[in-house]
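Worksheet: one structure, shown below.
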Amino acid sequence: MNKLRSNYAIFYYGMKEYNHKKIESKWKKVWDKKKIFKTDASPKEKCYVLDMFPYPSGDGLHVGHPKGYIATDVYSRYKKAKGFSILHPMGWDAFGLPAENFAIKNKIHPEIAVKKNVNTFKKQLEVLGFNYDWNREINTTDPEYYKWTQLIFLEMFKRGLAYESFEPINWCPSCKTGLANEDLEDGKCERCGSVIEKKPMRQWVLKITDYAERLLEDLNLLNWSDSIKESQRNWIGKSEGMIFTSPIKGTDIKIETFSAHFEAFAADTFVVIAPDHPLLPKLLEGIPNKKEILDFSARLVKNRSEAGFKEQKEVEGIFTGRYTIDPVENGELPIWVASYALADYGTGIVKCSAHDERDFKFAKKYKIPLKPVLFPADSVLAEKVRNLEICFTDMKSGVLKNPKEFDGKVAGNIRNEIIKYLEKNKLAKRKTTYKLRDWVFSRQRYWGEPIPLVFCVQCKKRAETQEGRIEYHKNFNTGELLNPGWIAIPDEDLPVKLPKVKSYEPSGTGESPLANIASFVNIKCPKCGGKAQRETNTMPQWAGSSWYYAAYAMKSKTTRSTGLLSTPVNGLKAKTEKGLEQFKSAFESWLPVDMYIGGAEHATRHLIYARFWHKFLYDMKIFATKEPFMRFKNVGLIMAPDGRKMSKRFGNVINPDEIVATWGADTLRVYEMFMGPFENAIAWDTQNMIGSRRFLEKIWRLQEKVTNKKLEVINSDLQSLLHQTIKKVGEDIENFNFNTAISSLMILAGALENQEKISKEIYETVLQLISPFAPHITEELWANLGNKKSIYLSPWPMFDSQKIKQSSKLAIQINGKTRDIFEMESEMSEKDIKEKILDLPSVKKWIEGKEVKRIIYVKGKILNIVL
RNA sequence: GCCGCUGUGGUGAAAUUGGUAUACACGCAACACUCAAAAUGUUGAGGGGGAAACCCCGUGUCGGUUCGAGUCCGACCAGCGGCACCA
């Protein structure tokens with residue numbers, strides 16, 4: 001009797017049907033009960049496999065989120081079977097604007113909202129059968145977690161790596177908070193899309209620029225994709241150039257100008273200064289129209305801000321009335337204020353010439369003389385450059401005319417000679433600049449880690465009079481006063497807990513909502529006992545994620561119920577055996593992360609910040625490695641079937657819970673890994689999922705063919721295919737080529753289906769190969785064979801290269817075109833093969849009447865006859 | 001503008017790294033089973049020509065290197081990503 005079932009399920013006589021619901025829930029319970037996913041307490045050869053932890057938004061997961069998690073799950077299951085001790089944890093990045101905005105919108109306290117959302121996320125993840133060790137779960141909003149975030153910040157503060165700044169920073173008028181450069185996209189707020197304003201504000205800033213060179217250099221140690229490394233290189237933006245020092249005529253001021261394209265230095269005819277350059281007012285002292293110039297400059301700054309700091313088409317400027325005396329004998333150069341000069345790059349002052357597009361445009365507009373010294377090889381073009389019809393900027397291929405020493409030389413070839421020339425004559429010195437800016441680290445929002453600092457007026461006075469300074473009020477190198485009056489909360493008083501408030505909406509005044517809570521703000525100064533106030537800004541959402549990978553390792557000492565790291569805090573060092581150093585052996589056991597998976601959108605945010613914090617902790621000798629993430633793969637997005645990003649806004653979200661209910665977690669897992677190359681963005685297609693389901697059903701049906709009897713005739717073709725597949729699946733998982741691993745498993749399954757009977761050994765091997773992808777169904781089938789121990793704990797099958805047969809087919813080519821296939825017999829010599837082939841009618845027909853010039857034979861592959 | 005990545009059937013994509021282009025899967029068509037459908041199985045399929053054997057063309061475009069190029073080199077085109085008034 002046939003029965004109409006759902007349109008994909010099969011019904012099979014004489015065999016239990018493949019009921020994914022029953023199987024999947026059954027095995028999850030067993031795994032949980034037997035604690036098979038518990039991390040080894042003392043790892044042997046370790047493999048740390050990490051997902052970027054999510055921030056638990058209220059929307060829950062869509063079908064695209066688990067792709068990376070499935071991949072790490074497959075990878076870590078494979079590594080486990082290969083005998084590694086694995087660490088594969090999961091946690092929650094729950095501070096920051098997304099969680100807070102969700103909470104405000106839904107009128108729930110962020111803490112409650114986070115708890116609720118974490119539950120939803122966790123349930124959705126658990127359904128997929130991941131091998132996470134939930135004993136190591138972390139949550140950045142847990143005070144037991146963020147006390148360490150605060151501690152690391154304080155250690156940076158105490159070493160002068162955190163400083164108070166009043167410089168204008170990016171301000172998002174809609175999120176009502178200051179932002180770092182990394183939080184912008186195209187001059188707009190990365191979160192809400194509002195146009196950013198520049199606003200002078202009191203901020204805490206981390207000196208990430210101190211690490212710029214190492215962040216750049218150490219990229220070479222990493223096995224990351226080129227595109228991500230390149231993004232970081234662009235972001236750090238190193239350029240090597242020269243600094244020229246020039247006196248200003250009629251004053252005792254000297255200015256410095258930076259140039260990375262100094263090859264045509266002999267062409268400089270004027271100087272521009274940024275309209276917001278701090279030196280400008282001083283420069284204008286004694287100039288009659290000083291006020292006019294300053295007003296004009298202020299307008300340029302305003303215009304720039306209104307244009308969202310993007311390139312403006314029109315260059316504008318005004319003459320300052322001052323001249324520099326050029327160190328390289330270009331004479332007296334007029335100084336102009338120019339709209340395109342940036343105060344915060346290089347020195348903010350530039351020597352200009354005919355060999356820069358903007359300078360050229362500017363000079364033409366204001367009729368400033370130009371004198372080109374660099375020309376293209378093409379004489380017609382060179383003439384145009386000479387006549388100032390076109391601007392020539394190619395410092396590589398251009399030919400120099402001046403100075404005489406370099407006449408006729410190609411600029412790109414003699415860059416080093418020019419550097420030496422400038423250095424030798426003391427005309428300029430080398431200087432490296434970076435586009436990377438220090439990290440604006442405070443937010444005027446509620447939902448973040450409180451910055452554990454206190455401001456004390458009395459201590460400030462004492463700091464300013466030298467005697468009262470404490471160590472961290474002094475810059476190591478210069479002795480200069482640093483953050484006077486700011487006192488660190490003592491380690492033993494950490495965490496500084498986020499107080500409960502009634503209104504956690506941003507004030508918009510540039511003050512954090514915490515500023516209104518007197519009981520939080522007012523405190524005794526930990527240093528002098530006088531009246532003091534707490535810092536009320538909070539940390540950015542990136543703080544907790546900058547070291548979380550290490551927190552998973554720290555959890556080894558505790559159990560689930562005692563909370564994360566509920567040990568006393570005392571600095572980084574083990575003076576009292578209570579600092580971060582007590583975890584050193586755990587860090588040594590597990591760090592660095594061996595395989596890190598996440599979104600490419602973090603290339604210039606989290607992935608830079610975490611490397612910076614890691615390097616700091618490396619310098620503090622807490623971590624033993626220079627880098628946190630040795631290998632990184634970015635997950636290609638799963639797009640909606642309509643080709644757009646999956647988003648609630650477009651109403652095109654596909655919920656994994658529904659997919660799992662109808663098709664099963666195993667099918668979803670296989671499908672997402674089979675879709676295409678891991679790093680590709682691919683549109684979801686529920687239709688296509690049927691192939692993955694059919695594959696699992698085929699594997700299910702194969703159990704009928706299994707026999708315990710020793711098969712008399714060993715099919716050598718099958719044997720070869722099996723070993724080939726073992727080899728391929730292992731290599732493919734290693735390289736994250738999951739799609740081809742699955743296709744080779746499909747080929748093997750097809751071959752097995754054609755067998756009368758299958759030996760138990762072969763079937764077991766096949767199950768093992770599939771188990772990382774489809775853990776539930778393979779566990780069930782494995783148990784059906786009588787295995788008592790989980791397939792998860794079984795060792796990965798070995799392959800024998802001897803058993804992989806070489807192809808016996810030889811492609812016959814005439815002049816490189818394939819014309820026939822030749823079936824070789826074993827033990828044929830090259831000579832035999834050639835003779836046989838030249839005798840084939842299909843070959844004869846081509847060579848008839850022509851001369852065979854050459855025969856190329858590639859063993860076992862190709863024989864090419866050249867006519 | 002600069003830098004990086006990618007371009008292969010109707011679709012997602014393979015290709016041992018210079019050696020039989022289109023594996024595997026979806027979809028499609030025909031057939032088998034069925035009263036019928038579903039499910040499953042078998043077969044077919046890059047384009048063009050031909051009754052057929054077979055032939056010609058074909059991996060974004062145009063050139064080059066090579067016995068042989070999807071793969072290497074040069075120029076260009078398109079898409080995606082990063083940076084961008086960065087001197």
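Sequence lines set the chain letters: A, B, ... in the order given, protein chains first and strands last, and positions in each chain run from 1. None of these values were measured; they are calculated from a predicted model.
- For A/Tyr671 and A/Trp684, the ring centers are positioned less than 6.0 Å apart.
- A cation-pi arrangement is absent between A/Lys351 and A/Phe265, since the terminal nitrogen or guanidinium carbon is not both under 6.0 Å from the aromatic centre and inside a 45° cone about the axis.
- The only member of A/Trp235, A/Trp542, A/Trp439 that meets side chain to side chain donor-acceptor pair (under 3.5 Å) when paired with A/Glu182 is A/Trp235.
- Here the two rings, on A/Phe738 and A/Phe736, have centers that are under 6.0 Å apart.
- The ring of A/Tyr366 has its center closer than 6.0 angstrom to the ring center of A/Trp336.
- Taking the P atom of each, B/G41 and B/A25 are spaced 10 Å apart, rounded to whole Å.
- The side-chain tip of A/Lys67 points at the ring of A/Phe678 from less than 6.0 angstrom away and within 45° of straight on.
- Base engagement by A/Ile821 is indicated by at least one non-hydrogen atom pair under 4.0 Å involving a base atom.
- Close to B/A39, at under 4.0 Å from its OP1 or OP2, lies no side-chain N or O of A/Arg693.
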Report summary line: With B for base contact, S for sugar-phosphate-only contact and - for none (protein heavy atoms under 4.0 Å), nucleotides 10-17 of chain B reads --BSS---

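- Note: NZ (A/Lys809) to P (B/G19) measures 19 Å, nearest angstrom.
- Phosphate proximity of B/C26 to A/Arg694: present, with a side-chain N or O under 4.0 Å from OP1 or OP2.
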Report task. Would you mind building the protein contact string for nucleotides 68-83 of chain B? One character per nucleotide, 5' to 3', B for base within reach (heavy atoms under 4.0 Å), S for sugar-phosphate only, - for untouched. Result -> S-------------BS

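- For B/G10 and B/U22, the P atoms lie 16 Å apart once the distance is rounded to whole Å.
- Taking all atoms of both residues into account, the shortest heavy-atom contact from A/Thr320 to A/Ile335 is OG1-O, 2.7 Å.
- Stacking of A/Arg819 on the aromatic ring of A/Trp846 is recorded, both the 6.0 Å distance cut-off and the 45° axial limit being met.
- The closest side-chain heavy-atom distance from A/Arg437 to A/Asp344 is below 4.5 Å.
- Nucleotide B/C2 holds its C1' atom 14 Å from the CG atom of A/Asp356, rounded to whole Å.
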Report summary line: Annotated structure of RNA chain B as dot-bracket, pair cut-off 3.5 Å, Watson-Crick or G-U only, | for inter-strand, is (((((((..(((......[....))).(((((.......))))).((((....))))..(((((..]....))))))))))))....

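- A/Asp359 and A/Tyr340 form a side-chain donor-acceptor contact under 3.5 Å, judged by distance and modelled atom types alone.
- Spacing of P atoms, B/G70 relative to B/C33, comes out at 45 Å, to the nearest Å.
- Note: CG (A/Asn754) to C1' (B/G41) measures 11 Å, nearest angstrom.
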